[in-house]
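Report on the structure given below.
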Number of protein chains: 2
Amino acid sequence: MEIKDIKILLAEDDKNLGTVLKAYLDAKKFKTTLRVNGKEALDEFKMDHYDFLILDVMMPIKDGFTLAREVRELDKEVPILFLTAKSLPEDKMEGFKLGADDYLSKPFSMEELLARIEAILRRTQMHKSNANKEIFTIGKFSFDVTRHILSAEGESHKLTSKEAELLKMLCHRKNETLDRSEALKHIWHDDSYFNARSMDVYVTKLRKYLKDDPTIEILNVHGVGFKLITE
Amino acid sequence: MEIKDIKILLAEDDKNLGTVLKAYLDAKKFKTTLRVNGKEALDEFKMDHYDFLILDVMMPIKDGFTLAREVRELDKEVPILFLTAKSLPEDKMEGFKLGADDYLSKPFSMEELLARIEAILRRTQMHKSNANKEIFTIGKFSFDVTRHILSAEGESHKLTSKEAELLKMLCHRKNETLDRSEALKHIWHDDSYFNARSMDVYVTKLRKYLKDDPTIEILNVHGVGFKLITE
DNA sequence: ATAGGGCTTTAACTTTCTTTAACGCTTATT
DNA sequence: AATAAGCGTTAAAGAAAGTTAAAGCCCTAT
């Protein structure tokens, strides 16, 4: 995997620092997504695949350590690097216990940050060359997100963009509720009545595709959204 | 490129420090040119080629940040390292926004300076060596961007300029969506209905050229653009 | 100047994808 | 139970994209 394919999720509440870091990392050919607190970062992490997390420890709403703990429940592998203003040993310890790979005390230079990211990636990226292949297993189905292909038992079916995007979101939140408004904002870019009805049509389509496996279900949570139930 | 070929432009108003730095760097086999303010440094930069800039932030007549801004208009690549007495975050930020690669707060040791220069050069020189290559690998194909040649297994095919430009853009965004309007603005210089249809024709052409490798795919993302998918 | 060849655009037709509409059913509220 | 809001499903209308062929354009060689 080349550097330019590596997706970084950056959680930093300081708008200024966050924007500059993102610009710098993007200039270094990473794909960086910036979120301004732990909650938004977690939502984003659930929504997409990331190869690396850079988390500010002190953030409003949800701090970096709490976020890391929740991320680790979903993914035990993804490298985490903390940015911390305090350089107290206790904090470092707590961070590393959660499976952090490194930390950096502010202020730091961009060069330093880059060097650490690359060091960690060298260490971890070795044994996963298939990292950017986003493939979900849903019951007896296999869903290739980038290729929009849903396959089972030799048969494979090509999904349209909207079908694929919706199924992707459901997969990222499997066995938990995907908010209707969240999906609408993410896929349709507008949470309105007609788009909601359009989304219903797509739910029906997906149910049809998945109906061959009775253990799979797209459940409606009335007034909230949908939930993909598997195994 | 060997170290002895690397030309450094040093802008430092403190005669004493400047001379010592130049002597040290020259001893380390760099070719160092010393200028005592931003204005003279800019004149020098315009006059000759430099591989690396070391700029003092506080200088008479023209300061380091202003100089960097003007340099960046001429050259977006050349590495810049700031020397700063103040260690205020604001200063750092302003510097990095201009595309600085690192900074060093006074007082610093010569070894430290050398280490940072070498770290930056390792990274940028690396980039340079595969930047001018401009050859993409797409599945079993190889695409020489500058020569407009798409080849596979001895066979090689010359692309027209529009074909090449479009494939280049798709390669730069491989495995992610290239916005239709972005491609139109960049290649056709105008995002209009007829150009969009023209672009569709070129997508068909490219698909034909690439069809021998079934792992490659140019996927349409309805209403958004196209995505080149490679393993 | 002009005829030919390669490249690009326009046109026309076909297919696919998305949205809208309609109608029936289910779930919450009072 | 009555009412309203939310959802399930299907069909159709509408918009975007796929494809092929012909027309237009621009250079170069004659």
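Letters A, B, ... mirror the listed sequences (proteins, then strands); counts begin at 1. For the numbers below, each heavy atom of this structure counts, side chains included, while hydrogens, waters and symmetry mates do not.
When the side-chain nitrogen and oxygen atoms of B/K208 are compared with OP1 and OP2 of D/dG18, none of them lie within a distance under 4.0 Å.
Atom P of nucleotide D/dC7 and atom CZ of A/F226 are separated by 6 Å, given to the nearest angstrom. Distance NZ (A/K162) to P (D/dA15): 15 Å, rounded to an integer number of Å. Taking atom NZ on A/K211 and atom P on D/dG8, their separation rounds to 17 Å, with Å as the unit. If you take NE2 of B/H222 and P of D/dA15, they are 11 Å apart, rounded to a whole angstrom.
Side-chain atoms of B/T33 and B/Y50 include a donor-acceptor pair closer than 3.5 Å. A/E165 and A/Y202 share no side-chain donor-acceptor pair at under 3.5 Å. Between the side chains of A/D26 and A/T32, at least one donor N or O sits under 3.5 Å from an acceptor N or O. With hydrogens and angles left out, the side-chain atoms of A/D191 and A/H189 include no donor and acceptor closer than 3.5 Å.
We find that A/K46 and A/D43 are not joined by a salt bridge, their nearest charged nitrogen and carboxylate oxygen being 4.0 Å or further apart. Of the charged side-chain nitrogens involved, none lies within less than 4.0 Å of a carboxylate oxygen, so that A/E217 and A/K227 do not count as a salt-bridged pair.
Distance alone, capped at 3.5 Å, is enough to place a donor-acceptor pair between the A/T19 side chain and the A/K15 backbone.
Note on ring orientation: taking the six-membered ring where Trp is involved, the planes of A/F82 and A/F65 are perpendicular (angle over 60°, cut-offs 30° and 60°). Classified by interplanar angle (parallel below 30°, tilted 30° to 60°, perpendicular above 60°), the ring pair A/H172/A/F136 is perpendicular.
In the helix from C/dA1-D/dT30 to C/dT30-D/dA1, the terminal helix axes, each the rotation mapping four pairs' C1' atoms onto the next four within five end pairs, subtend 30°, rounded to 10°.
Note that the first and last nucleotides of DNA chain C, 5' to 3', having any atom under 4.0 angstrom from a heavy atom of chain B are C/dC7 to C/dT18.
Contacts between residues 167-206 of chain A and DNA chain D, defined by a heavy-atom separation below 4.0 Å, involve A/R180, A/R197, A/D200, A/V201, A/T204, listed by number.
For the atom pair CG of A/D179 and CZ of A/F226, the computed distance is 11.5 Å after rounding to the nearest 0.5 Å.
Side-chain atoms of A/F45 and A/V78, non-hydrogen and from C-beta on, do get closer than 4.5 Å to each other.
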